[in-house]
Amino acid sequence: MIDIKCGYNNCKHGGEVSKEEGIKIGTRWFHKECAKEKALKKEIEDYWFKNINPGTVIQILRKAINDLAKLYDTDYILWVIKSCKPKGIKVSHPMGLKSLCSDNRFLDEWKKIKINQKLNYMGDEFQKNINPRVSEVKYVNRSKNFLRIL
């Protein structure tokens with residue numbers, strides 16, 4: 001097993017990747033997660049320039065994306081950018097993404113989407129493992145005497 005330095009600058013896995021576990025893109029080797037994150041960041045840039053503001057300075061956009069990637073998943077950032085236009089939200093500067101990504105409306109909607117994706121992925125196995133008796137709540141009315149109140 002030969003370990004090679006991961007080609008992704010923001011690698012969160014220690015920087016070393018083995019050829020058996022890594023993905024080769026061009027001449028560089030990447031962890032699977034690093035390759036996915038890099039592709040998502042490129043997709044965010046492409047979508048931004050095609051649909052939002054083609055006159056943006058690329059260094060500012062990359063700085064905003066990198067800052068947001070430290071706080072949120074890159075697929076969440078891409079989803080926020082893509083959902084702005086249908087909702088009528090106009091964003092013209094990359095730093096405006098920070099306030100949109102931290103907005104509770106977007107976060108709550110994203111959490112619901114992820115939960116539904118996991119439930120759909122689990123499918124019938126989830127329904128088989130649910131015990132309906134565990135989730136029942138029973139109220140027992142107890143008499144209120146003077147000693148219980150104290």
Side-chain angles (χ1 to χ4, degrees), residues 1-140:
M1 238 182 353
I2 300 172
D3 288 338
I4 301 170
K5 187 177 184 306
C6 181
Y8 187 55
N9 292 337
N10 299 329
C11 181
K12 299 172 184 172
H13 302 286
E16 298 291 325
V17 61
S18 65
K19 286 187 176 182
E20 291 81 23
E21 297 174 0
I23 298 173
K24 186 175 183 179
I25 301 174
T27 59
R28 294 180 168 184
W29 286 87
F30 297 91
H31 293 99
K32 291 177 185 176
E33 296 85 11
C34 293
K36 179 184 173 190
E37 188 169 329
K38 183 178 178 179
L40 284 171
K41 284 182 179 182
K42 179 68 175 149
E43 190 176 347
I44 291 169
E45 288 178 12
D46 293 342
Y47 187 84
W48 182 273
F49 286 120
K50 288 179 185 172
N51 299 310
I52 296 178
N53 189 358
T56 304
V57 178
I58 193 153
Q59 289 87 359
I60 295 173
L61 178 61
R62 286 183 179 161
K63 170 75 172 141
I65 293 170
N66 286 333
D67 289 348
L68 286 171
K70 292 176 185 174
L71 302 173
Y72 307 104
D73 292 334
T74 49
D75 53 347
Y76 170 68
I77 300 166
L78 179 64
W79 176 80
V80 168
I81 290 174
K82 286 185 175 181
S83 63
C84 284
K85 209 170 201 178
K87 292 182 180 187
I89 299 171
K90 294 183 180 181
V91 180
S92 59
H93 198 273
M95 295 303 171
L97 285 175
K98 291 183 178 183
S99 63
L100 286 176
C101 287
S102 64
D103 190 0
N104 286 334
R105 292 178 295 164
F106 283 108
L107 286 169
D108 292 341
E109 192 174 343
W110 178 251
K111 288 176 185 175
K112 289 177 187 175
I113 289 170
K114 294 306 271 185
I115 288 170
N116 287 333
Q117 286 175 351
K118 287 185 181 183
L119 286 176
N120 289 338
Y121 175 73
M122 291 167 67
D124 293 333
E125 292 297 320
F126 180 72
Q127 294 297 329
K128 289 178 188 174
N129 293 326
I130 292 178
N131 186 356
R133 291 185 181 175
V134 173
S135 61
E136 288 180 5
V137 177
K138 292 183 179 180
Y139 175 72
V140 178

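In this chain, residues are counted from 1 in sequence order. Worth knowing before you read on, the calculation uses all heavy atoms, side chains too, and leaves out hydrogens, waters and symmetry mates.
Of the listed residues (E37, E43, E45), just one forms a salt bridge (Lys or Arg N to Asp or Glu O under 4.0 Å) with K41, and that residue is E37.
No donor-acceptor contact under 3.5 angstrom links the side chains of K82 and N51, judged on distance only.
Atoms NZ and CG, from K118 and N116 in turn, are 12.0 Å apart once rounded to the nearest 0.5 Å. Atom CG of L61 sits about 9.0 Å away from atom CD1 of I52, to the nearest 0.5 Å. Within the model, atoms OG of S92 and CG of N53 stand 6.5 Å from one another, a figure rounded to the nearest 0.5 Å. One distance of note links CD1 of I65 with CG of L68; it measures 8.0 Å at 0.5 Å rounding. Between D75 atom CG and L40 atom CG the span is 6.0 Å, to the nearest 0.5 Å. One finds the CH2 atom of W48 at 4.5 Å from the CG atom of L97 (value rounded to the nearest 0.5 Å).
Classified by interplanar angle (parallel below 30°, tilted 30° to 60°, perpendicular above 60°), the ring pair W79/W110 is tilted.
Closest of all the heavy-atom pairs between I89 and L100 is CG2-CD2, 4.0 Å. Taking each heavy atom of A69 and I77 in turn, the nearest pair found is N-CD1, 3.8 Å.
Not one N or O on the side chain of H31 forms a donor-acceptor pair closer than 3.5 Å with the backbone of E33.
Here D67 pairs with K63 in a salt bridge; the nearest charged N to carboxylate O distance falls below 4.0 Å. Between D103 and K98 there is no salt bridge, since none of the side-chain N atoms of the basic residue sits less than 4.0 Å from a carboxylate O of the acidic one. Salt-bridge formation is not detected for the pair D46/K50: no Lys NZ or Arg NE/NH1/NH2 atom is positioned less than 4.0 Å from an Asp or Glu carboxylate oxygen. Contact check on E109 versus R105 returns no salt bridge, with no Lys/Arg side-chain nitrogen under 4.0 Å from an Asp/Glu carboxylate oxygen.
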Item to complete: Evaluate the criterion side chain to side chain contact (heavy atoms under 4.5 Å, CB included) for residue pair L107 and Y72; output intermediate values, then yes/no.
Response: CA-CA 10 Å; L107 286 169; Y72 307 104; 4.1 Å; yes
Practice prompt. Evaluate side chain to side chain contact (heavy atoms under 4.5 Å, CB included) for F106 paired with C101, printing each intermediate quantity in order.
Written response: CA-CA 7 Å; F106 283 108; C101 287; over 6 Å; no
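Around atom NZ of K90, no more than 12 heavy atoms belonging to other residues, nucleotides or ligands sit under 6.0 Å away.
Residues I60 and H93 meet the side-chain proximity criterion, which asks for heavy atoms closer than 4.5 Å.
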